[in-house]
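One structure is given here, and the rest of the page talks about it.
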Amino acid sequence: MSRGALSAIGATALLSIALTSCSSSSGPATGAGATGKAGGALVVGVTSDPDTLFPWKATQFQAVNVLQNIYGTLTEFDKDLNVVPGLAESWQTSDDGKKLTLTLRKGVTFGDGSTFDSKDVKASLEKIMDEKTAAVARASLSSVKSVEAPDDGSVVLELTGPDAALPGNLATVNMAMLSSDDTEEKLNATPNGTGPFTLGKRVPSQSLTLARNDKYWGAEKPKVDSVEFRVIPDESSIVSAMQSGNVQLAVFNDPLVAQTAQGGGTITVTKTPQLSYHALQLNARRGDLKDVNVRLAIQCAIDRKQVLDTAALGEGEVTGPITAPAFRSDPARRPCPDRDLAKAAEYLAKAGKAGGVTVKTIVSQGEYATSVNEAQNLKAQLAEAKIDLELEVLESGAFVDRWVAADFDAAVALNGGRPDPDGSYGRYFTGTGNLNKVAGYSSPELDKLFAEGKATTDQAARKAIYDKVSAELEDNAAWIWLFTSYTYTGTTSNVSGFVPMVSGSLQYLRTTSVG
Amino acid sequence: MRRIAANRAVRRVAGTLGTLFGVAVFVFVMLRAIPGDQITAGLGTEAAALTPAQRAALEQYYGLDRSPVTQFFSWLGNMLTGNFGYSARSQQSVLEMTLHSLPVTFELAVFSIVLALVIGVPLGMLAASRTNAPRDLLGQVVSLAGLSVPAFLLATTLLSVFAASFGFNPNGQGFATLAEDPLLNLRQMFLPSLVLGFGIAAPILRTTRTAVLEVRSEDFVRTARAKGVPPRRLQVRHVLGNALVPIVTMTGLQFGYLLGGAVVVEQIFSVPGVGRQVLLGIQQKEYAVVQSTVLVIALAFVLVNLLTDALYRVIDPRVRAS
């Protein structure tokens, strides 16, 4: 190599260093200046971009969060998870509970300018119910026999029986109302909804920008002109981006990252309990776990607080099965609310397994931060009760495969919760539920209770029914419910009006302002 | 003579095509050996709630209902016609995705190599100039650090320190290509290049040191010194010039690896290169994305090796002569 070449290399290095030094002073100002104006642009840091833009198939957290800002649903949840009117202004159930009449909001338009009416509702609901669409919320409409649109402004759902959970089930983005003229292919490229925002620009794997929908029907119009979901794959890097003023809002899952964010002093972190719950799922249809006494022995041999403290830095709350605030189970009412090894030994002896049992347990690696630590603590605790938790730690894809096939004795899992307990557990623990194979447990009592819960509209009466569901699940140790954790919403000082929700939803981006 | 050269070229091309076909088969088989498919990757545990008819509809949608052999040859055939497949997640053709990501990775690789050479070659020469002296120790310490400090640690530390202390974090802004905003692009490339360059500087430093020590003991160096060639000219022209072959080999190898994408660094600094493209493809089980991108990477690696071979002819007259 000639001396000239070496000099060129040196010059390049000097140029890089010079660029860095000149930008180190202008970095934060540029970031804040570009994005921090009042009513201007909000930048949300996310670890990945949506894996689909089609709302009926969206299950990924990021996809759901983006799409619920673009699409509208017949009903919605408010910040306390009460079901409130959405595209349906009101709804009425017939006396026998077999007919639900929805009155639609007038003057609503889709992003493309077309008018929203009952034809769109009928087409949407019928397509969601059609197996060929492969919509993930199909089972939530299992009580719907037919959908009629007597006029432009109303829709009548004929039901097989009363379904108190139905209005709440209509509130998820998987039940988004689409224009009857649209197709999946079309919407994957160009979303077209009735929500507070429309899709502005998308750079795959890098960013997705929403623009304010000025024709949005809601009384409160979005405050910011645009919301950019900027993909920064690493949560720690998002913290750095917030510190330098490039990103204004982000939701963290890792408590350690939240601590780091809080520590810098420039980011406010709000902790929100979640509906999702950590559990040791038991498959009561396999091996020794068929015996309720073995399952109860496991129930009694676990100190849930210890699992929470050792695996998740104590960041969470010990929980029973139902995590929705209006129906929350009381963990103190379960058998052995505190660890009781003598009782566990008693149950094992009753099962004729005084010498101990082995439970093959699958654990996902990487799906969420605390899984392996939880499994190891559970193993250690259960070993003291002669229960050998044989752990099989799997890559998340392999874990999902085994979970979907119900190929496990037990599984350490983080499951999503829903605002209505029927939505959360009806599909798991009723004999005909579409996840019953994975739940590994059902009983005539539970079938009856879930049917009653669906048929009852009075809130207090429903709470009493789901308390019984909770008791039935824990008295039989269907699964071992452990704890719920938090999400941590980080905001910079110029952000206001955002309301974090226990469902993890970012629907209140529409009330958020910057500047 | 010409016939021998032609034969050699034909063998080379055949070997290259064979290698690429092997890579194609390997990636295709490995991807399908990973548990799960695009349906479970997309729906997660919700896939358990699918009815058989829903599952069949999705398999047809993703083309999973065809036999693996049909899938393989249909993909390979399409590749040959320039159709690299389609990513449902990105709503883009894989060719389009790769045309965006490959130049980013190429740019990152060039900057990293340049920084690695800037650090590695002078330090290697310095270390070789007096063995076992403090300067040699310095070289050893730097190379040991380069090899031992994991990229993720260095990257996260640099990012946190620069962002928290100096408010410098161009990577927190949306990525800009060199054509879109050259200044922002260069700022965004600086830290990732530095991290990668520091890691690669270590083998280059060691190779330089060894090669320089070897050449310095050759007779022609002693002759040159005896003839009164100035020390700097002697070091650069006579010693380094003749030590270049192993340095170029090492640089070519490292450059080839970099073209495969530095996944960890790309993730931390949000650089949309081919490494992230492949990683996302694997996570989403988008088979066409992974297969086609890996094949492009393999082709790039082969081309870099060919270029390295060609460089030998430029820098070493003995190779030209043979």
Side-chain angles (χ1 to χ4, degrees), chain A residues 1 3 6 9-10 12-13 16 19-20 23-24 27-28 30-31 34 48 51-53 57 59-60 131-134 136 138-139 188-189 202-207 228 230-234 236-237 239-241 243-247 264 395 397-398 400-401 403-404 406 415 427 434-435 437-438, chain B residues 34-36 40-51 53-55 57-58 61 87-92 97 111 114-115 117-118 121-122 156 159-160 162-164 166-175 183 186-187 190 193 236 240-241 244 267-270 272 276-277 280 284-285:
Chain A
M1 187 180 290
R3 194 184 301 175
L6 281 174
I9 292 167
T12 311
S16 300
L19 284 167
T20 314
S23 56
S24 61
T30 308
S48 74
D51 61 354
T52 178
L53 291 181
K57 285 182 181 166
T59 58
Q60 184 214 31
E131 285 186 297
K132 284 190 200 125
T133 310
V136 292
R138 179 180 167 273
N188 261 322
R202 185 183 186 202
V203 185
S205 307
Q206 293 182 51
S207 71
E228 178 188 342
R230 187 173 295 163
V231 181
I232 300 176
D234 184 61
S236 307
S237 303
V239 174
S240 300
Q243 285 167 336
S244 54
N246 299 124
V247 168
E395 177 271 334
V400 170
D401 252 22
W403 193 92
V404 166
N415 293 342
R427 58 201 199 131
N434 58 6
L435 290 174
K437 182 180 155 197
V438 178
Chain B
I34 303 173
T40 48
L43 296 180
T45 51
E46 281 297 325
L50 291 173
T51 63
Q54 282 182 309
R55 189 159 180 106
L58 285 173
Y61 178 77
S87 162
R89 183 184 60 80
S90 304
Q91 291 290 305
Q92 271 184 319
M97 289 165 74
F111 285 145
V114 167
L115 281 172
L117 288 170
V118 167
V121 173
T156 317
L159 187 63
S160 306
F162 274 70
F166 309 113
F168 173 75
N169 184 10
N171 300 81
Q173 299 174 42
F175 184 79
L183 189 67
L186 290 176
R187 283 159 51 193
F190 177 66
S193 307
V236 175
L240 184 61
L244 271 183
Q267 284 284 94
I268 293 173
F269 291 106
S270 317
R276 258 179 79 190
Q277 183 170 315
L280 282 172
Q284 292 294 323
K285 305 285 188 305

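A, B, ... follow the sequence lines: proteins, then strands. Residue 1 opens every chain. Computed from heavy atoms alone, side chains included, the values below leave out hydrogens, waters and symmetry copies.
Your options are A:Lys132, A:Gln206, A:Lys437, A:Glu395, and the one with the most heavy-atom pairs under 4.5 Å with chain B is A:Gln206. Top candidate by heavy-atom pairs under 4.5 Å with chain A, chosen from B:Arg55, B:Gln277, B:Gln91, B:Met97, is B:Gln91. The choice from B:Ala57, B:Ser90, B:Gly36 that makes the most heavy-atom pairs within less than 4.5 Å of chain A is B:Ser90. Taking chain B as the reference chain and counting heavy-atom pairs below 4.5 Å, the highest number among A:Pro204, A:Ala189, A:Ser48 is found for A:Pro204. Of the residues considered (B:Ala88, B:Ser160, B:Gly174, B:Ala41), B:Gly174 shows the highest number of contacts with chain A, using heavy-atom pairs under 4.5 Å.
Of the two parts of A:Ala398, the backbone and the side chain both hold a non-hydrogen atom closer than 4.5 Å to a non-hydrogen atom of chain B. Heavy atoms closer than 4.5 Å to chain B are found in both the backbone and the side chain of A:Val231. Both the backbone and the side chain of A:Ile232 come within less than 4.5 Å of a heavy atom in chain B. Residue contact with chain B, scored on non-hydrogen atoms closer than 4.5 Å, is absent for A:Ser207. Using a 4.5 Å cut-off between heavy atoms, B:Gln267 contacts chain A through both its backbone and its side chain. Proximity to chain A is limited to the side chain of B:Leu280, based on heavy atoms less than 4.5 angstrom apart.
For A:Asp401, there are no side chain to side chain donor-acceptor pair (under 3.5 Å) partners, not counting sequence neighbours. Every residue meeting the side chain to side chain donor-acceptor pair (under 3.5 Å) condition with A:Arg427, not counting sequence neighbours, appears here in chain and number order: B:Glu46.
Between the CZ atom in B:Phe269 and the OG atom in B:Ser193 there is a gap of 9.5 Å [rounded to 0.5 Å].
Between A:Trp403 and A:Val438, some side-chain heavy-atom pair lies under the 4.5 Å cut-off.
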Between B:Ser87 and B:Gln92, is the side chain to side chain donor-acceptor pair (under 3.5 Å) condition met? List the steps. CA-CA 6 Å; B:Ser87 162; B:Gln92 271 184 319; over 6 Å; no
